[in-house]
J.: 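One structure is given below, represented as structure tokens, and several questions about it will come after.
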Amino acid sequence: MTDFYFLRHATTEWNLQKRLQGRTNIPLADEGISQLSQRTIPASLRDLRWFCSPLERARQTASLLDINAASEQALIEMNWGDWEGQTLSELRSSQADLLAHEEARGLDLTPPAGESPRDVQTRLTAWAELMSNQDSEKRFGCVCHKGIIRAVYAAASHWNMLDKPPHKLNFNAIQGFSFSNGEWRILELNIDIST
């Protein structure tokens, strides 16, 4: 069994504007930088082997939390394709029928030229399998994105992304999951990082 602890990056300007960021490389906002001054990684997780998404907002978050994290492509945010940079309100106005159709697909929601949460699960599961089989370490930290955490959580909780999730996730906390034999399980949710 291998344990993975996921932490979402701090706030960006696009988060404040409620824009879908996906793989658009948006840096942290001043508010996000300020948030991180009030957060710290618990001592029990500090010595994990850490990885982070290659996107700047994740790398900045790791750096400001004094985490030495290797860049990992598998942790990049879900590709929102043609919808990146838009808000859900804008999409409801301009592409209402398409958005409703895709939202009704749950895990298989796929933005035009993008990827689905199920695609993200496949990518993360392949990476977790690789890490579990090739690395002597059995505990890893990951600085990443909301879409990554939601995809792993959906796999671990058997949530189809159609109804409300079974648990309320705090995306300013760390979410812990275990991985074994191709299956994700919830380890510990909402691990506090406030100082």
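Just so we're clear, the structure is a prediction, and the values are computed from it rather than from any experiment.
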J.: For residues F179 and L187: do they belong to one hydrophobic cluster (side chain heavy atoms under 4.5 Å, members Ile, Leu, Val, Met, Phe, Trp, Tyr)?
T.: no
J.: Under 3.5 Å, is there a donor-acceptor pair between the side chain of Q175 and the main chain of N170?
T.: yes
J.: CZ/F4 to CE/M131 distance, rounded to the nearest 0.5 angstrom?
T.: 6.5 Å
J.: Between I148 and E77, which heavy-atom pair has the shortest distance, and what is it?
T.: N-OE1, 3.6 Å
J.: Answer with yes or no whether the hydrophobic clustering places L20 together with L98; edges join I, L, V, M, F, W, Y residues whose side-chain heavy atoms lie under 4.5 Å apart.
T.: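 Yes, same cluster.
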J.: Would you confirm whether E115, through its side chain, and N79, through its main-chain N or O, come within 3.5 Å as a donor-acceptor pair?
T.: yes
J.: For Y153 and H167, indicate whether the former's side chain and the latter's backbone hold a donor-acceptor pair under 3.5 Å.
T.: yes
J.: Under 30°, 30 to 60°, or over 60°: which ring-plane class applies to F140 and W127, parallel, tilted or perpendicular?
T.: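 Rings of F140 and W127: tilted, 30 to 60°.
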J.: Looking at every heavy atom in both A58 and V143, which two are closest together, and how far apart are they?
T.: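 Closest approach of A58 to V143, heavy atoms only: O-CG1, 3.5 Å.
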J.: Between S116 and D119, does any side-chain donor sit less than 3.5 Å from a side-chain acceptor?
T.: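 Their side chains do contain a donor-acceptor pair, which is all the 3.5 Å distance test asks for.
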J.: Working to the nearest 0.5 angstrom, can you tell me the gap between L124 CG and E72 CD?
T.: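 Rounded to the nearest 0.5 Å, the CG-CD separation comes to 9.5 Å.
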J.: Once you round to the nearest 0.5 Å, how far does CE of M161 lie from CG of L107?
T.: 5.5 Å
J.: Would you call L75 and C52 a side-chain contact if the rule is heavy atoms closer than 4.5 Å?
T.: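 No; the side chains remain at least 4.5 Å from each other.
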J.: Find out whether R150 and F171 are in side-chain contact, i.e. whether some heavy atom of one side chain is under 4.5 Å from a heavy atom of the other.
T.: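 Yes, side chains in contact.
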J.: Would you mind reporting whether H9 and N15 have side-chain heavy atoms less than 4.5 Å apart?
T.: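 When only atoms from C-beta onward are counted, H9 and N15 do touch, with a gap below 4.5 Å.
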J.: Mark yes or no for whether Q60, through its side chain, and P27, through its backbone, hold a donor-acceptor pair below 3.5 Å.
T.: no
J.: Checking the side chain of N172 only, and the main-chain atoms of R39 only, is there a donor and an acceptor separated by less than 3.5 Å?
T.: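 It does not hold such a pair.
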J.: Any chance the side chains of Q121 and W184 put a donor and an acceptor closer than 3.5 Å?
T.: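 There is no such pair (donor and acceptor under 3.5 Å, judged by atom type) between the side chains of Q121 and W184.
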J.: Testing the basics here: between I193 and P42, what is the closest heavy-atom pair and its distance to 0.1 Å?
T.: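 Shortest heavy-atom separation between I193 and P42 comes out as CG2-CD, 3.9 Å.
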J.: Tell me, with the steps shown, if T87 and Q17 meet side-chain contact (heavy atoms from CB on, under 4.5 Å).
T.: CA-CA 8 Å; T87 66; Q17 297 167 12; 5.6 Å; no
J.: Taking NZ, NE, NH1 and NH2 as the nitrogens, is one of them in R105 or E102 under 4.0 Å from a carboxylate oxygen of the other?
T.: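 Counted as a salt bridge, because a side-chain N and a carboxylate O are separated by less than 4.0 Å.
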J.: Can I174 and I41 be said to form a side-chain contact (heavy atoms from CB on, under 4.5 Å), step by step?
T.: CA-CA 9 Å; I174 293 174; I41 301 300; 4.1 Å; yes
J.: Would you compute the distance between atom CE of M78 and atom SG of C144 and round it to the nearest 0.5 angstrom?
T.: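 Result: 14.5 Å between the selected atoms.
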J.: Any idea which heavy atoms bring T61 and A10 closest together, and the distance?
T.: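 Minimum heavy-atom contact is OG1-N, 3.1 Å.
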J.: Answer with yes or no whether the hydrophobic clustering places V120 together with W83; edges join I, L, V, M, F, W, Y residues whose side-chain heavy atoms lie under 4.5 Å apart.
T.: yes
J.: Any sub-3.5 Å donor-acceptor pair from T110's side-chain atoms to D108's backbone N or O?
T.: yes
J.: Give a yes or no answer on whether the side chain of R123 reaches the backbone of A74 with a donor-acceptor pair at less than 3.5 Å.
T.: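 Side chain of R123 to backbone of A74, a donor-acceptor pair under 3.5 Å: yes, one is there.
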J.: Quick one: do W14 and W80 end up in the same hydrophobic cluster if we chain Ile, Leu, Val, Met, Phe, Trp and Tyr together by side-chain heavy atoms under 4.5 Å apart?
T.: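 Shared cluster, no.
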J.: Nearest 0.5 Å please: distance from the NE2 atom of H158 over to the CZ atom of R185.
T.: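 H158 atom NE2 to R185 atom CZ measures 7.5 Å (nearest 0.5 Å).
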J.: Say whether I67 and I33 are linked into one hydrophobic cluster, either directly or through other cluster members, by side-chain heavy-atom distances under 4.5 angstrom.
T.: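 Yes, one cluster joins them.
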J.: Restricting to non-hydrogen atoms, name the atom on R57 and the atom on G22 that form the minimum distance, rounded to 0.1 Å.
T.: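 Between these two residues, the closest heavy atoms are NH2-O, 2.6 Å.
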J.: Check whether any side-chain N or O of S37 sits under 3.5 Å from a backbone N or O of S34 as a donor-acceptor pair, and report yes or no.
T.: yes
J.: Taking side chain as C-beta onward, heavy atoms only, is E103 less than 4.5 Å from L91?
T.: no
J.: Compare every heavy atom of W50 with every heavy atom of L45, then report the nearest pair and how far apart it is.
T.: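 Smallest interatomic distance, heavy atoms only, reads O-NE1, 3.3 Å.
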J.: Can you find a side-chain donor-acceptor pair between T11 and E31 that sits under 3.5 Å?
T.: no
J.: Are S53 and H145 close enough that a side-chain donor and a side-chain acceptor fall under 3.5 Å?
T.: yes
J.: Within this structure, what is the OG-CG distance for the pair S44 and D47, rounded to the nearest 0.5 Å?
T.: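 If I round to the nearest 0.5 Å, the distance is 9.5 Å.
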J.: Do L189 and F177 pass the side-chain contact (heavy atoms from CB on, under 4.5 Å) test, and can you show the C-alpha distance, the side-chain angles, and the key distance before you say yes or no?
T.: CA-CA 8 Å; L189 300 178; F177 302 93; 4.1 Å; yes
